[in-house]
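Comments concern the structure below.
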Amino acid sequence: MYLEIEGASKSFGASKALDDVSLSVPKGNFLTLLGPSGCGKTTLLRSIAGLLALDSGTISVDGRALDPESGGPRAVMVFQDYALFPHMNVRRNVSYGLKLRKLGAQSIDRKVDECLGYLGIGELGRRLPSELSGGQQQRVALARALVMEPEVLLLDEPLSNLDAKLRLGIRSELKRIQQELGVTTVYVTHDQGEALALSNIVAVMNRGRLIQVGSPRDIYYRPADAFVADFVGTANLIEALVLEAGSDSSRVSALGRSWTLGESLAGDQVGKAVSLCIRPESLRLVSAPGPDSLEGTVVQAMFEGSHMRYWIDTGQVVLVIDDADTRRDCPLKSRVAVELVPEGFHILGDRLAS
């Protein structure tokens, strides 16, 4: 592995910010640290940057210990507030780190020109940060990091200060740049949409611990436990009873009927309660009740552009459903039929229902 974190722990007084975190990232991957405020993701990012010393554990890049003081691997960080020098124009901001390395003037000019041009801000070179928009400042901060040719690029919620539309545009550009340059990237956010869209590896954290690491698709559709299911997207969490368990499939009882699921369970789970995660888009509204459907009453509806979100009270549970047919009209208090597709059920890793 390229970026290796082993047993990272860090406390601030009685508060444990990192609790024995171990994580491996292959070279060229885009890792997002995702979790609620105070979960430890920024502490881990700053530790990778060398801005915080761990109480215990190690961080290495390509087999070399992270030690900025002795010229170790270069991990360059882009801060949430960009941290641009207000009295320096764009070119001086971007060239600052290169001058500290004592590169020649011609080499610095060439590197700065290439980086500004690549990010599409070459014409802004003489402007001060106060003369730039939020999106332009973000690009300058990114240019200042990339011009240093980092072995690991660290991004601390760099899009949080941008409006929604600009954030989406910069997000797409950031992903393109990372893929083209192939720089190993660690990104911190509490925005689940950013994490799923940008990354090929997502690490979900809570209370200083690493809860689950996987691809965006696995994190979303196969969450490890109820915390991940609820934090990453919207989830219907349903109690079920295990009827049969096997290595290839299992059978559970939920919502008044039994379901065969293509998931494995240990034999000692038979007769025990588990939790099922069902995403809203895995449920469908149908014109008439069928063998795999439930009837219910619409208790809330919300238009979200690409889909309608409905809350359906089945009498046993309120299900959240995303309906792609935005032309369908299901008014409040109307009766509807909801089709449940067992392929969309996932048995949570924590197994036991609370």
Side-chain angles (χ1 to χ4, degrees), residues 5 8 10 15-23 25 29-46 48 80 154-160 164 167-168 171 174-175 185-240 254 263 273-283 300 302 304 306-307 309-311 317-322 344-354:
I5 301 167
K10 178 69 178 178
S15 176
K16 201 152 194 174
L18 295 177
D19 188 1
D20 194 25
V21 173
S22 294
L23 183 61
V25 184
N29 278 249
F30 194 123
L31 165 73
T32 293
L33 302 175
L34 175 66
S37 297
C39 73
K41 55 188 185 294
T42 296
T43 299
L44 183 56
L45 192 78
R46 288 175 174 265
I48 299 171
Q80 182 176 355
L154 308 173
L155 302 165
D156 186 11
E157 301 199 53
L159 309 185
S160 61
R167 189 161 61 242
L168 288 175
R171 186 170 77 182
L174 180 59
K175 184 168 185 175
T185 301
V186 182
Y187 187 97
V188 158
T189 186
H190 60 270
D191 186 315
Q192 54 187 283
E194 281 184 12
L196 298 177
L198 284 169
S199 325
N200 56 334
I201 305 174
V202 177
V204 182
M205 299 183 67
N206 190 33
R207 297 180 180 178
R209 297 188 66 85
L210 204 57
I211 307 301
Q212 184 177 3
V213 180
S215 69
R217 194 175 296 274
D218 282 344
I219 294 291
Y220 185 77
Y221 285 113
R222 300 182 64 82
D225 59 18
F227 170 78
V228 178
D230 189 53
F231 186 79
V232 183
T234 300
N236 294 289
L237 300 179
I238 309 296
E239 290 189 9
E263 298 200 5
V274 295
S275 293
L276 301 180
C277 170
I278 308 173
R279 295 297 186 185
E281 64 273 17
S282 295
L283 302 170
Q300 189 175 349
M302 188 177 297
E304 298 196 356
S306 62
H307 61 271
R309 174 161 288 185
Y310 293 103
W311 285 256
V317 66
V318 176
L319 296 173
V320 182
I321 300 171
D322 286 346
F345 294 10
H346 171 61
I347 303 173
L348 292 177
D350 47 2
R351 303 303 189 202
L352 295 180
S354 58

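Along the sequence shown, residues are numbered consecutively beginning with 1. Predicted model, so just to flag it, every value in this text is computed and none were measured.
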Looking at every non-hydrogen atom in both residues, tell me the closest pair between Leu34 and His190 and how far apart they are.
CD1-C, 3.8 Å
Nearest non-hydrogen partners of Ala229 and Ala235, listed with the distance:
O-CB, 3.4 Å
To the closest 0.5 Å, what do you measure between CZ (Arg222) and CD (Glu263)?
4.5 Å
Test your reading of the model: is there a side-chain donor-acceptor pair from Arg209 to the backbone of Val21, 3.5 Å cut-off?
no
Return the minimal non-hydrogen interatomic distance between Pro216 and Ser199, and the atom names on each side.
CG-O, 3.2 Å
I need the single residue from Glu194, Arg167, Gln80 that forms a side chain to side chain donor-acceptor pair (under 3.5 Å) with Ser160. Which is it?
Gln80
Could you please spell out the steps behind the side-chain contact (heavy atoms from CB on, under 4.5 Å) verdict for Leu33 and Leu23?
CA-CA 11 Å; Leu33 302 175; Leu23 183 61; 4.2 Å; yes
Distance, nearest 0.5 Å, that separates CG of Leu210 from CG of Leu18
10.0 Å
Just by modelled atom types, is the Gly208 backbone N or O under 3.5 Å from a matching donor or acceptor in the Lys16 side chain?
no
Answer yes or no: is there a side-chain heavy-atom contact under 4.5 Å between Val202 and Tyr220?
no
Which atom names give the shortest non-hydrogen contact between Thr32 and Ala195, and what distance separates them?
CG2-CB, 3.6 Å
Interatomic distance, Cys39 atom SG to Leu44 atom CG [nearest 0.5 angstrom]:
9.5 Å
Heavy atoms, side chains only, cut-off 4.5 Å: are Asp225 and Leu348 in contact?
no
State, yes or no, whether a side-chain contact exists between Gln212 and Val232 at a heavy-atom distance under 4.5 Å.
no
Step by step, work out the side-chain contact (heavy atoms from CB on, under 4.5 Å) result for Ile347 and Leu276.
CA-CA 5 Å; Ile347 303 173; Leu276 301 180; 3.7 Å; yes
How far apart are the C-alpha atoms of Ser275 and Leu237, what are their side-chain angles, what is the distance that settles it, and do they pass the side-chain contact (heavy atoms from CB on, under 4.5 Å) test?
CA-CA 6 Å; Ser275 293; Leu237 300 179; 5.5 Å; no
Rounded at 0.5 Å granularity, tell me how far OH in Tyr187 sits from CZ in Arg171.
8.0 Å
How many angstroms lie between CG in Leu154 and CZ in Arg46, if you round to the nearest 0.5 Å?
11.0 Å
Interatomic distance, CG@Asp19 vs CG@Asn206, rounded to 0.5 Å, equals 11.5 Å
Could you check whether any side-chain heavy atom of Asn29 comes within less than 4.5 Å of a side-chain heavy atom of Leu31, counting everything from C-beta outward?
no
If you look at every heavy atom in Arg279 and Thr234, which pair is closest and at what distance?
NH1-O, 3.0 Å
